[in-house]
Amino acid sequence: MLRRVLGPELTAARTPAGVATQVYRVQAARGVLYVRIAEEDHEDLSVDAALLEHLGGLGLRVPQVVHVEPFDQALGRSVLITGEIAGEPLAGCRDQRAARRVARAAGRELAVLNDVGVQGFGWVRRQPPAWPLRATSRTYAEFVTSYLPNPWPGPLGRLFTVAELERLWALVDGERRRDLAGATLAHGDFDTTHIFQVDGHYRGLIDFGEIRGTEPLFDLGHFHLWEHERTPVPLWDELLAGYGEVETLPAGHQELVGRSATLLGLRQLARWLRPPRNLRRDHPAVTGRVARLRQILDIPAIDASSRH
């Protein structure tokens with residue numbers, strides 16, 4: 001399929017990052033390209049192509065669409081070919097001044113991305129028509145409680161104290177009653193591994209495989225949740241400053257971002273504890289996420305023997 005589209009002279013190798021998503025780095029006559037294979041046979045990556053072209057039209061530095069196959073019969077999947085965003089992830093930048101400059105630029109572009117509308121909440125549906133973007137859940141309440149155990153707290157009850165669970169449920173219950181006019185686009189996996197830079201200059205944003213319709217501050221919440229693990233230099237203030245240059249942050253935005261991060265972390269925990277991952281409660285990913293949620297909520301660390 002690649003030779004038909006790109007010519008006979010090429011090499012391809014799967015990228016090391018990613019497990020479920022198949023992405024290949026291709027060296028072809030026109031340069032370095034990236035090929036993404038849809039995860040499911042019903043997914044049409046024309047949706048992703050339409051989004052990248054829309055974002056590019058807004059002036060954002062995202063991968064350029066080279067070719068999209070709505071469905072390749074031989075592979076049994078949709079295929080998207082994009083250009084390369086040159087550079088290295090911001091996660092590896094040790095120059096504090098340069099890293100902060102890049103984070104500020106990324107914040108400006110994130111604000112533009114987060115202003116794109118989505119019809120519905122949750123994962124974006126990769127089915128025609130490609131535009132406008134449509135998501136799987138009709139209501140915000142459904143999105144807020146997605147993946148959370150019903151009845152509450154389910155397996156989460158083994159990770160937190162009774163008092164903590166009551167506080168967490170109050171947060172969930174309050175958020176699911178929140179009245180939102182509509183959903184906005186979230187990158188869905190916004191962190192320093194997907195912000196690319198060259199010599200301290202922002203070059204673009206990659207990996208749009210987790211796009212979804214959410215509340216406006218979801219991506220900031222995601223960054224806040226993961227920042228302590230994936231950022232060698234504190235970048236939160238600069239990211240927020242860049243964001244604020246484009247989009248006025250709402251009153252109490254720090255609390256709203258913390259709430260978004262907490263809810264995302266809870267949904268992640270619930271997914272990790274259930275099939276197919278079935279992580280043990282003493283798995284480092286689980287214990288690390290519990291500790292981070294306590295940190296965000298400013299809850300002191302509690303000895304395991306005090307849990308109920």
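Everything numeric in this text was worked out from a predicted model, so none of it was measured.
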Where do D189 and H222 land on the side-chain hydrogen bond (donor to acceptor under 3.5 Å, both in side chains) test, with the steps shown first? CA-CA 7 Å; D189 200 14; H222 184 281; 3.3 Å; yes
Would you say [atom1] of [X] has more than 12 non-hydrogen atoms from neighbouring residues, nucleotides or ligands within 6.0 angstrom?
{"X": "Q268", "atom1": "CD", "answer": "yes"}
{"X": "Q119", "atom1": "CD", "answer": "yes"}
{"X": "R97", "atom1": "CZ", "answer": "no"}
{"X": "D72", "atom1": "CG", "answer": "yes"}

Checking the side chain of [X] only, and the main-chain atoms of [Y] only, is there a donor and an acceptor separated by less than 3.5 Å?
{"X": "E109", "Y": "R61", "value": "yes"}
{"X": "S260", "Y": "G221", "value": "no"}
{"X": "R212", "Y": "E210", "value": "yes"}

Shortest non-hydrogen contact from [X] to [Y]?
{"X": "V66", "Y": "R30", "result": "CG1-NH1, 3.2 Å"}
{"X": "L159", "Y": "R281", "result": "CD2-CB, 3.5 Å"}
{"X": "P63", "Y": "G83", "result": "CB-O, 3.7 Å"}

How about [X] and [Y]: do any of their side-chain heavy atoms sit closer than 4.5 Å?
{"X": "R167", "Y": "E164", "answer": "no"}
{"X": "L297", "Y": "T262", "answer": "yes"}
{"X": "P155", "Y": "P149", "answer": "yes"}
{"X": "V47", "Y": "V124", "answer": "yes"}
{"X": "R36", "Y": "D48", "answer": "yes"}
{"X": "L273", "Y": "N278", "answer": "no"}

According to a hydrophobic-cluster definition based on side-chain heavy atoms being under 4.5 Å apart (Ile, Leu, Val, Met, Phe, Trp, Tyr only), do [X] and [Y] belong together?
{"X": "I85", "Y": "L113", "answer": "no"}
{"X": "W169", "Y": "L171", "answer": "yes"}
{"X": "F71", "Y": "M1", "answer": "no"}
{"X": "L45", "Y": "I206", "answer": "no"}
{"X": "V118", "Y": "L217", "answer": "yes"}

One thing to verify: whether [Y] and [X] come together as a salt bridge, which I'm taking to mean a side-chain N less than 4.0 angstrom from a carboxylate O.
{"X": "E175", "Y": "R178", "answer": "yes"}
{"X": "R259", "Y": "E255", "answer": "yes"}
{"X": "R77", "Y": "E69", "answer": "no"}

Is the NZ or CZ atom of R125 positioned over W131's six-membered ring, under 6.0 angstrom from the centre and within 45° of the axis?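 No, R125 does not lie over the aromatic ring of W131.
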Could you check whether R271 makes a cation-pi contact with Y147, meaning its NZ or CZ is under 6.0 Å from the centre of the six-membered ring and within 45° of the ring axis?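 R271 over Y147 ring: yes.
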Please tell me whether D207 and H194 have a donor and an acceptor in their side chains that are separated by less than 3.5 angstrom.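 Looking only at side-chain atoms, H194 and D207 do form a donor-acceptor pair, the distance falling under 3.5 Å.
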Identify each donor-acceptor pair in which a side-chain atom of residues 235-243 lies under 3.5 Å from a protein atom, sequence neighbours left out, and give them as a table.
residue	atom	partner	partner atom	Å
E238	OE1	R104	NH1	2.9
Y243	OH	N114	OD1	3.1

Between V26, V68, L2, which is the residue that forms a side-chain contact (heavy atoms from CB on, under 4.5 Å) with I81?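 Single side-chain contact (heavy atoms from CB on, under 4.5 Å) partner of I81 among V26, V68, L2: L2.
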The criterion is side chain to side chain contact (heavy atoms under 4.5 Å, CB included); which residues satisfy it with R267, sequence neighbours excluded?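 With neighbours one apart ignored, the set is F143, S146, L148, F218, L263, L264.
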